[in-house]
Amino acid sequence: MADFYTTLGVARGASDADIKLAYRKLAMTYHPDRNNGSKDAEERFKSITEAYDVLRDPSKRALYDRYGEAGLRGGAAGFHHVDLSEALNIFMRDLGGLGGFGDLFGGGGGRGSGPRAGADIKMAMPMTLAEVASGAEKTVTVRLLEPCDRCEGRGAEPGSSPVTCTTCNGSGEVRRAQRSFFGQVVSVAPCPTCSGEGTAISSPCRKCRGEGRIRGEKEILVRIPAGVATGQYMTMRGVGNVGPRGGPRGDILVVFEVEEDDRFERDGEDLYTEVLVTYAQLALGANIDAPMVTGSVTVQVPAGTQSGQVFNIRGRGLPRINSSSSGDLHVRLQLWTPENLSEEEQVLIKRLGEVQNVPPARAKGLWSKIRESLGA
């Protein structure tokens with residue numbers, strides 16, 4: 001499993017500008033059009049583009065820094081290995097403005113033509129901690145742009161058909177050549193007449209006004225993996241808005257919002273909780289019940305346990321994304337002092353105070369030892 005930072009040759013603390021610059025240099029070197037279709041160059045181009053696509057996105061980068069590639073694969077970020085088509089699209093999306101890559105490399109004509117994809121949708125997904133612990137399947141209703149039923153998504157009035165764009169002759173692109181000190185530079189841009197689709201509509205559909213799509217509602221089944229956290233998201237590819245005039249669907253980004261549980265503090269997959277215990281339970285030892293997200297677990301408290309002691313119970317926290325393991329449950333015992341005592345309790349506690357030894361002096365802590373070593 002390659003390290004994305006190593007793949008791009010940058011440090012883990014590299015800035016966005018450094019990452020983009022490193023990707024630009026490597027992409028120009030290993031672009032398939034510059035290497036006569038070499039399979040080795042193609043694989044290298046895909047791997048550096050995949051690394052760049054993760055590190056350029058702040059959310060994906062934060063997830064990768066914390067969990068590595070396994071965290072991305074858990075569904076929260078919708079990670080998958082890119083194919084050549086996706087790698088080329090990412091390259092042209094972020095670096096296409098440098099001008100005429102298809103001509104500079106001797107190929108790539110027509111890659112930008114064709115129907116446009118639909119816009120992505122971002123959707124908030126509220127979750128409880130119990131759903132995070134087990135994973136969940138939720139059916140939600142979303143408002144989407146769906147294919148027009150009158151023109152079947154073509155955008156043209158029934159009985160008519162789209163025609164080839166006369167501006168770009170169906171290529172979806174217009175090219176402009178300019179002379180400079182270094183020679184002729186060719187720039188490629190989407191056709192302004194057909195918006196890069198290569199076709200034009202002379203008789204637009206009356207229902208969708210030539211868009212080929214109308215607003216509607218659709219039920220979407222969302223399968224959520226266990227272990228997600230607030231702010232993480234998963235990408236549902238190809239289920240969002242349909243593109244204009246037969247364009248492919250966009251994506252739905254599901255952003256998780258986990259409701260806080262008053263019983264716990266969460267740190268990644270680990271959970272922290274506090275349990276109140278009596279003096280007798282600490283002094284004599286006892287079995288106490290500590291809460292888990294669902295159910296409880298028995299903690300064996302040995303005699304002579306001090307208030308504030310933390311017991312770590314392995315594997316009783318939250319599941320790790322894309323893993324069979326789980327985090328830990330940390331149980332802190334806190335001495336409970338009753339506010340009101342019965343007469344019998346007062347007598348017993350007074351008697352205990354008379355016979356009990358004076359507490360020993362507290363052992364010097366770490367900071368006290370440091371202060372002594374410094375002569376403070």
Side-chain angles (χ1 to χ4, degrees), residues 59 62-63 65-68 70-71 74-77 124-138 222-234 254-342 345 349 352 359-360 362-363 365-367:
S59 299
L63 194 62
D65 286 345
R66 185 166 187 175
Y67 301 107
M125 179 63 70
M127 296 187 67
T128 64
L129 201 60
E131 290 172 329
V132 170
S134 62
E137 290 189 358
K138 294 191 174 188
V222 184
R223 292 185 173 90
I224 305 168
V228 300
T230 295
Q232 293 181 345
Y233 66 91
M234 63 182 286
V254 182
V255 184
F256 303 114
E257 297 178 353
V258 181
E259 179 184 350
E260 291 188 3
D261 190 317
D262 293 338
R263 299 173 299 168
F264 303 101
E265 291 290 336
R266 180 180 181 181
D267 181 16
E269 299 84 18
D270 288 356
L271 293 176
Y272 294 80
T273 189
E274 187 174 85
V275 176
L276 295 178
V277 291
T278 64
Y279 175 76
Q281 289 174 316
L282 291 176
L284 302 177
N287 290 334
I288 63 169
D289 290 331
M292 297 194 304
V293 177
T294 55
S296 60
V297 61
T298 299
V299 179
Q300 295 182 345
V301 180
T305 298
Q306 300 298 312
S307 179
Q309 176 71 40
V310 177
F311 291 82
N312 301 318
I313 307 174
R314 296 183 62 83
R316 296 304 181 97
L318 295 174
R320 292 186 173 90
I321 296 178
N322 197 36
S323 173
S324 59
S325 63
S326 298
D328 300 334
L329 176 66
H330 306 274
V331 182
R332 182 177 186 270
L333 302 184
Q334 182 65 42
L335 176 63
W336 170 67
T337 303
E339 296 181 358
N340 298 305
L341 297 173
S342 66
E345 288 173 329
I349 292 176
L352 179 63
R362 180 183 292 271
L366 174 63
W367 292 111

Which atom of [X] lies closest to which atom of [Y], heavy atoms considered:
{"X": "T294", "Y": "A130", "value": "CG2-CB, 4.3 Å"}
{"X": "P291", "Y": "T273", "value": "CG-OG1, 3.7 Å"}
{"X": "V331", "Y": "A290", "value": "CG2-CB, 3.8 Å"}
{"X": "A226", "Y": "S134", "value": "CB-C, 3.9 Å"}
{"X": "M127", "Y": "F256", "value": "SD-CD2, 3.7 Å"}
{"X": "A303", "Y": "A283", "value": "CB-O, 3.4 Å"}

Would you say that more than 12 heavy atoms from the other residues, nucleotides or ligands in this model lie under 6.0 Å from the [atom1] of [X], or not?
{"X": "E265", "atom1": "CD", "result": "no"}
{"X": "Q300", "atom1": "CD", "result": "no"}
{"X": "Q334", "atom1": "CD", "result": "yes"}

Q | R316 side-chain N/O to D328 backbone N/O, donor-acceptor pair under 3.5 Å | A |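 Between the backbone of D328 and the side chain of R316 there is no qualifying donor-acceptor contact (under 3.5 Å).
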Q. Would a distance-only check, ignoring hydrogens and angles, find a side-chain to backbone donor-acceptor pair under 3.5 Å from R223 to G135?
A.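 Pair absent, no side-chain N/O of R223 close to backbone of G135.
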If you measure from [atom1] on [X] to [atom2] on [Y], what distance do you get to the nearest 0.5 Å?
{"X": "L329", "Y": "E269", "atom1": "CG", "atom2": "CD", "result": "14.0 Å"}
{"X": "I313", "Y": "M292", "atom1": "CD1", "atom2": "CE", "result": "8.5 Å"}
{"X": "Y272", "Y": "N312", "atom1": "OH", "atom2": "CG", "result": "7.5 Å"}
{"X": "Q309", "Y": "L335", "atom1": "CD", "atom2": "CG", "result": "13.5 Å"}

Q: Side-chain contact test, heavy atoms from C-beta onward, threshold under 4.5 Å: evaluate it for E131 versus I224 and give yes or no.
A: no
Q: List in chain and number order the residues that pass side chain to side chain donor-acceptor pair (under 3.5 Å) with D289, two or more places apart in sequence or in another chain; answer none if no residue qualifies.
A: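 For D289 the side chain to side chain donor-acceptor pair (under 3.5 Å) partners, ignoring immediate neighbours, are T298.
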Q. Can I349 and Y279 be said to form a side chain to side chain contact (heavy atoms under 4.5 Å, CB included), step by step?
A. CA-CA 11 Å; I349 292 176; Y279 175 76; over 6 Å; no
